[in-house]
Amino acid sequence: FPLVRMTENEENMQLAQAYLNQFYSLEIEGNHLVQSKNRSLIDDKIREMQAFFGLTVTGKLDSNTLEIMKTPRCGVPDVGQ
Amino acid sequence: YGYTLPGWRKYNLTYRIINYTPDMARAAVDEAIQEGLEVWSKVTPLKFTKISKGIADIMIAFRTRVHGRCPRYFDGPLGVLGHAFPPGPGLGGDTHFDEDENWTKDGAGFNLFLVAAHEFGHALGLSHSNDQTALMFPNYVSLDPRKYPLSQDDINGIQSIYGGLPKEPAKPKEPTIPHACDPDLTFDAITTFRREVMFFKGRHLWRIYYDITDVEFELIASFWPSLPADLQAAYENPRDKILVFKDENFWMIRGYAVLPDYPKSIHTLGFPGRVKKIDAAVCDKTTRKTYFFVGIWCWRFDEMTQTMDKGFPQRVVKHFPGISIRVDAAFQYKGFFFFSRGSKQFEYDIKTKNITRIMRTNTWFQCKEPKNSSFGFDINKEKAHSGGIKILYHKSLSLFIFGIVHLLKNTSIYQ
C-alpha cells in the first residue's frame, strides 16, 4: 500500500508541476532555484492558482485543487501570458 | 477580466479557416466559428470578414500535439482544448483547436462554438478571467449554446479594449409643421408667381391669390419633388419663371416643372466666389431689375441683359433707405416691395424710397387672434384652406392708423 500511495502522490505532483508550468509560469521562474526553494515556489504557485479559481488557499494539493487541474481547459496561461 | 492593449488597431478583421475537423460537417464548423466571432461583434464595433485564401488576421486551424512553429502544444484527448494568441503580426490572433478532442455542435463532447468564442476572446486581446460566470474563465463549462455566453465581466473586458457598440445615429427630428398664425412666424423666402404669392417655410409653402380670399398650405415637394426643403430665396422673373435659391445653388421653375439642367451655381449669375448663399431676392417688374440680398449688401441684376449691374453690391440701407436690416425674404406686390425680417414685415415704396407700413409677416393670412395654434384650417392635414382671407389693401381704418403710428415710431429706429 505505501508504494501505491507514493505513486499516486507522485502522479499528482507531476500533474501539478506540468499544470503550473504551463499556466502559472512555474518552470520559467523556478529553473534557476535549488530544490528546496523550488518546493516553496511550487507551494506559492499552488496558492496563486487556488486564489485564481476561488479555492481555499492552502498551498497544498488538495482534492479540489487537483479536480480543477484535471478539468479540460484552454491552453492559454492564466498568468504571465 | 484581464486584457492586453492596444488590441487590434482596427475594427475590421479577417479570419480564415485553414482546415476542418472531421468531427463535424463543414457547414457546422463555419457556423460555429462565425457565431463565436459574432459573440464579440455584438458588443463592440468589431466586424469580421471570412476569407478563403491568403493571410487573415485570425488564422483558425485544427491541430494535434506539437504542431508547426506554434510554441504551444496539445496533449491528446481532454486537458487542453484550444489556444489562441493575442493581437499582433505573425501568430498574433491565430487560434488552434486540439483535433484530438471530440468536437460537436451540441452538448456531447466539446461544443466548438463555446470553445471558439472563448479562444477568440484571446485573439482579440482578452486574458483569462477569474469570474466563474465569464466565458473567459479558463475551464470548459458546458453552457446552453443557444444562450448568449458573455457575462458582464466579458463585456466589460472587451469594451475596455475596443469600446462599445457605435451609437445609432440620432433619429432625425420630426419636421415641425409651421403654424400660419404663430406670432413668431418667419419665412425662408417669398415670391409672387403669376397671380399668387408663395411663402416658403421649411418643407412647406402657403399660397395666396390676389383676388380670391383663400390660402392653401402645401408641401413644396407636392409641386416640385426635386426641390430641397429650407429654401433661402425666391423670385419671379419677367419671363414667367421663378428662381429658388439654396446655398450656392438655384433652380428655375416654370409652372409645375423644374427646368432641366438645374440646379446651377449662383456664381453663374455673376456673384463673386465669396457669396455662399442668397438671403432674399425680388424683381422689380417695372424696371426688370432683380435685387439680391446677401447680409447687409444687395446686388442688382438686369433681367434683360442677364448681367449684374455695375456699382453693386451696395449696402442695403444705402439703396433702400430705412431698411437697415438683414432681409429674410422679399417680394413685390402691387408696386410695393415687402421686406421680411423675423416676424416683422416692412412695406416699402420704391418710388419714394421709404417704409410705408410695418406689420407682422403673417398678416397675409388674416389671423383673427394670432397665437401658437393654427387657425380656421387644419394644417396637420398638410393641405388646408382658410376662409375669408382679405389682402392688406382692403381698407381698414384701424389698421391704417396702426400702421402710421408704427411707421412714425420705427422710422426713427431703423434709420
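Proteins come first, then strands; the chains are lettered A, B, ... in the order of their sequence lines, and each starts at number 1. As the structure is a computational prediction, the values presented were derived from the model and not from experiment.
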Student: Can you pull the salt bridge (charged side-chain N to carboxylate O under 4.0 Å, His left out) pairs that have at least one residue in residues 9-33 of chain B, sequence neighbours excluded?
Tutor: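 Qualifying pairs: B/K10-B/D57, B/D30-B/K50.
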Student: Should A/P72 and B/E101 count as side-chain neighbours, where that means a heavy-atom distance under 4.5 Å?
Tutor: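 Heavy-atom side-chain distance check fails, nothing below 4.5 Å.
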Student: Of all the heavy-atom pairs spanning B/P138 and A/R73, show the shortest one and how long it is.
Tutor: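 Closest heavy-atom pair between B/P138 and A/R73: O-CB, 3.2 Å.
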Student: Got a sec, which residues hit side chain to side chain donor-acceptor pair (under 3.5 Å) with B/Y15, two or more places apart in sequence or on another chain?
Tutor: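 Side chain to side chain donor-acceptor pair (under 3.5 Å) list for B/Y15, sorted by chain: empty.
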Student: Is any side-chain heavy atom of B/E119 closer than 4.5 Å to one of A/V76?
Tutor: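 Result yes, sub-4.5 Å side-chain heavy-atom pair found.
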Student: Would B/H128 and A/F23 count as a side chain to side chain contact (heavy atoms under 4.5 Å, CB included) here? Give the steps.
Tutor: CA-CA 11 Å; B/H128 282 144; A/F23 304 118; 5.9 Å; no
Student: Is it true that, when you exclude B/L5 itself, more than 12 heavy atoms of the residues, nucleotides or ligands shown sit nearer than 6.0 Å to its CG?
Tutor: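 Enclosed: over 12 neighbouring heavy atoms sit under 6.0 Å from CG of B/L5.
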Student: For the NZ atom on B/K47, are there more than 12 heavy atoms of other groups (residues, nucleotides or ligands in this structure) within a distance under 6.0 Å?
Tutor: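 For B/K47, atom NZ is not crowded (no more than 12 foreign heavy atoms under 6.0 Å).
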Student: How long is the gap from CG on B/N139 to CG on A/D78, to the nearest 0.5 Å?
Tutor: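 Going from CG on B/N139 over to CG on A/D78, the span is 8.0 Å.
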Student: Taking the inter-plane angle between the rings of A/F53 and B/F137 on a 0 to 90° scale, is it parallel (under 30°), tilted (30 to 60°) or perpendicular (over 60°)?
Tutor: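 Correct class here is perpendicular.
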